[in-house]
Amino acid sequence: MSIEITFPDGNKKSFDAPPTGLEIAQGISPGLAKKAAVVRVNGELWDLSRPIDRDARFEIVTRDKPEALEVIRHDAAHVLAQAVQELYPGTQITFGPATDTGFYYDFARAEPFTEADLEKIEARMREIVKRDLPIRREVWPHDQAVAFFEKAGEKFKAEWIREGLKPGEELTIYKQGDHWLDMCLGPHLPSTGKLGTAFKLTKVGGAYWRGDANNAQLQRIYGIAFATEQELKDYLRMLEEAEKRDHRKLGPQLDLFHQQEEAVGSVFWHAKGYTLWRTVENYIRRRLDATGYVEVKTPQLIDRVLWEKTGHWENYRQNMFIAESEDRVLAVKPMNCPGHVLIYKQGIKSYRDLPLRIAEFGSCHRNEPSGALHGLMRVRAFTQDDAHIFCTPEQINSETVAFCDLLMSVYKDFGFEDVRVKFSDRPPQRAGSDEVWDKAEGALKSAIEAAGLPYTMNPGEGAFYGPKLEFVLRDAIGRDWQCGTLQVDFVLPERLEAEYVAEDNSRQRPVMLHRAVLGSLERFLGILIEQHAGAFPLWLSPLQAMVAPIVSDADGYAGEVAEALKAAGLRADTDLRNEKINYKIREHSVHKVPVIAVVGRKEAEEKTVTLRRLGSEQQQTLPLAEAVKVLAAEAAPPR
RNA sequence: GCCGAGAUAGCUCAGUCGGUAGAGCAACUGAUUCGUAAUCAGUAGGUCGCAGGUUCGAUUCCUGUUCUCGGCACCA
């Protein structure tokens, strides 16, 4: 039988017997064969050593390609598993995929792995790489695989095959050397030596079998892996950089906020941090004022009866804070929507009133699981830049487009240009009929298309009352943060019986769009701190200019300068301490003050100031009036 | 919530094989008036997370607990 191979450039070659990818590569050039990681056969990634038993489109995937990197990482997971089983006999293997930066593998073992174990395991991995064990693919029948893993004491693997695969189905086994194997879809590199050395084990953690908290707890070992040493180094440097920017460190260091045991999951905002907060809040308020929103404030405590109507009592009771008073059970509001519906329902609404955009800087409380709390990023008390747009079904499109415009422009003002959109559709547990969901998903889909933003699907991740768009922004060092959201809700207006009078005098249900740009103020400020590493742009900086005299003779003039800056709307202060100018410069630089205005005898005489910007050693001497004008213009918040 | 690790001065950390703790920085006081990233000297600061237990004696050993950190699960 003859096999015809078609190369990407259209050339064809015939073989008498099924050739392997490696043989074809060698036929082209030994150098190429060396660089090859896997091959693409009719669009599918195959092992280099797998005989190609059919006519096929064929392409060699070299080590430097993204698809190859995933194979490298997956190989690393298998080498990790082998190393662990060699070092710790009796440990059961489960699964270990590639991740965005490396790999992990989940193990079942009574003893916990320690940090010290990681070093040993990593050393053994390097040894296995050095052994350069051939990796071979085999196809096994279902029952043979079950029998094998059961005999080997691999209960998790056996269970997976028994319950996850059909009896007739063949499955693939990858052998690493003669003594170790794992069930795997592949593909893999031809031998462990091809993995290279650019990997590192990073942490141990818990994980649940099949990702379900009701199942056995496994131990997950994480690693990072790259195609080259340089990429590994770069990534480690990025991690270091991220650690330096950690808002949980910078927050207290820069005197922005702190957290403590007596108010777990809540934030004590200090004067500087709250200045940052107000700057952000006021900016958003101006943007909302300019785009047709009204701002309201709703009660913190609302009777459980309301939450029963909305469905929150049923769905989220265990995460709500409860208060009791005079035989009433009240819930601290976990969200603002019902309150906004109650405001909407005051008075009869006409179609002429729609769309009605009700906004609130809504303070909410949710009793998040203790293990979920994380600095400002996940708290129990937070404030959303929330709004609900009550509109007709026809208005969903235009409102979505307007919201996307607003959101993108706000993100840009904060220095985020790279924004991705995810579309989350119906979750397994939900309110409302399939018909309503069809309608809501359809409306949202056509709306986001009208907005012209590309999006990816996030199946089953919608809210219980409706599908949602999630807006994810990428920060300065490449991390992603979900912030904004837009959710279509046909359910809540129904449950709380909101209505409007249509043109034909009939009573209709409005659609409710839940939307937030920043998400939670707390979280967004945390992201801002990390984005800027605490060195905020001038308009956001809590303290914008520090006036530092060189000699005490200039103290009086320093006061004048600070007053002039404050009169122009800048946040300025003086540092009149009897310290050397070097000391003051250092201290205010460490505290990330964007502008230090130095005044000495010369400036006091000439009525000038010498400005020094954070991150630059350059000095600029300007007449006071001009300096004030320049700084005031620069410090103005975006409109 | 689950698995694992941790908690010593405001911060970063050292230390005590059981005999109530130490450094640097910060703070405070004094001297220094010095032109762009740390002036010098001195002082003060800790029921060693909290509660029990063992012990003549516990910051140290044991138990429980709270919180933090790393994962997982959760995230209206």
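The chains referred to below are lettered A, B, ... by the order of the sequence lines, with proteins before strands, and numbering in each begins at 1.
With hydrogens and angles ignored, no donor-acceptor pair closer than 3.5 Å exists between the side chain of A/Gln217 and the base of B/G1. Looking at A/Arg430, its side chain has no donor and acceptor atom pair within 3.5 Å of the base of B/A76. A donor N or O paired with an acceptor N or O is found under 3.5 Å between the base of B/C75 and the side-chain atoms of A/Arg378.
No contact: A/Lys584 has no heavy atom under 4.0 Å from any strand. Base contact: A/Asn319 has a heavy atom under 4.0 Å from a base atom. Within 4.0 Å (heavy atoms only), A/Arg248 reaches sugar-phosphate atoms of the nucleic acid but no base atom. Residue A/Thr610 is in base contact, counting any heavy-atom pair closer than 4.0 Å across all strands shown. Contacts of A/Tyr208 with the nucleic acid, taken as non-hydrogen atoms under 4.0 Å apart, include base atoms. When heavy atoms are screened at a 4.0 angstrom cut-off, A/Ala372 is found touching base atoms of the nucleic acid. Using a 4.0 Å heavy-atom distance criterion, A/Gly211 is classed as a sugar-phosphate-only contact. Using a 4.0 Å heavy-atom criterion, one finds that A/Lys203 contacts the sugar-phosphate atoms exclusively.
Taking the six-membered ring where the residue is Trp, A/His258 and A/Phe268 present parallel rings, their angle staying beneath 30° rather than reaching 60°.
The side-chain tip of A/Arg317 points at the ring of A/Trp313 from less than 6.0 angstrom away and within 45° of straight on. Both the sub-6.0 Å distance and the 45° axial angle are not jointly satisfied by A/Arg366 relative to the ring of A/Phe321.
In this structure, A/Tyr583 does not pack face-to-face on the six-membered ring of B/A37, missing the 5.5 Å centre cutoff or the 30° plane limit.
For B/A14 and B/G24, the C1' atoms lie 11 Å apart once the distance is rounded to whole Å. For the P atoms, the distance linking B/U33 with B/G70 amounts to 49 Å, nearest Å. B/A26 and B/U12 have their C1' atoms separated by 11 Å, with the value rounded to a whole Å. B/C13 and B/G53 have their C1' atoms separated by 31 Å, with the value rounded to a whole Å.
Taking the charged nitrogens against the carboxylate oxygens, A/Arg479 and A/Glu530 do have a contact shorter than 4.0 Å, which makes a salt bridge. Comment: A/Glu241 does not engage A/Arg237 in a salt bridge, judged by the lack of any side-chain N to carboxylate O separation of less than 4.0 angstrom. Salt-bridge formation is not detected for the pair A/Arg210/A/Asp212: no Lys NZ or Arg NE/NH1/NH2 atom is positioned less than 4.0 Å from an Asp or Glu carboxylate oxygen. The pair A/Glu560-A/Lys607 meets the salt-bridge criterion, since a charged nitrogen lies less than 4.0 angstrom from a carboxylate oxygen. Ionic pairing of A/Arg601 and A/Glu605 is not present here: no N-O contact between side-chain nitrogen and carboxylate oxygen is shorter than 4.0 angstrom.
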Dot-bracket for RNA chain B, please, read 5' to 3', with Watson-Crick or G-U wobble pairs under 3.5 Å on both distances, ( ) within the strand, [ ] crossing, | other strand, . unpaired.
(((((((..((((.....[..)))).(((((.......))))).....(((((..]....))))))))))))....
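Applying a 4.0 Å cut-off to non-hydrogen atoms, the residues of residues 464-473 of chain A that approach RNA chain B are A/Tyr465, A/Lys468, listed by residue number.
Take A/Glu606 and apply the side-chain contact (heavy atoms from CB on, under 4.5 Å) test, not counting sequence neighbours, and it matches A/Lys602, A/Thr608. By the side-chain hydrogen bond (donor to acceptor under 3.5 Å, both in side chains) test, A/Lys468 pairs with A/Glu470, sequence neighbours left out. Listed by chain and residue number, A/Asp575, A/Glu587 satisfy the side-chain hydrogen bond (donor to acceptor under 3.5 Å, both in side chains) test with A/Arg577 (two or more places apart in sequence, or in another chain).
One can place CG of A/Leu218 at 12 Å from C1' of B/G71, the figure rounded to the nearest angstrom. Rounded to whole Å, atom P of B/C3 lies 19 Å from atom CG of A/Asp117.
A residue-by-residue look at A/Gly600 and A/Gln219 shows that A/Gln219 has its nearest nucleotide of RNA chain B further toward the 5' end.
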Distances under 3.5 Å only, N/O to N/O: pair up the protein atoms with those of nucleotides 64-67 of chain B.
from	atom 1	to	atom 2	distance (Å)
B/U66	O2'	A/Glu261	OE2	2.6

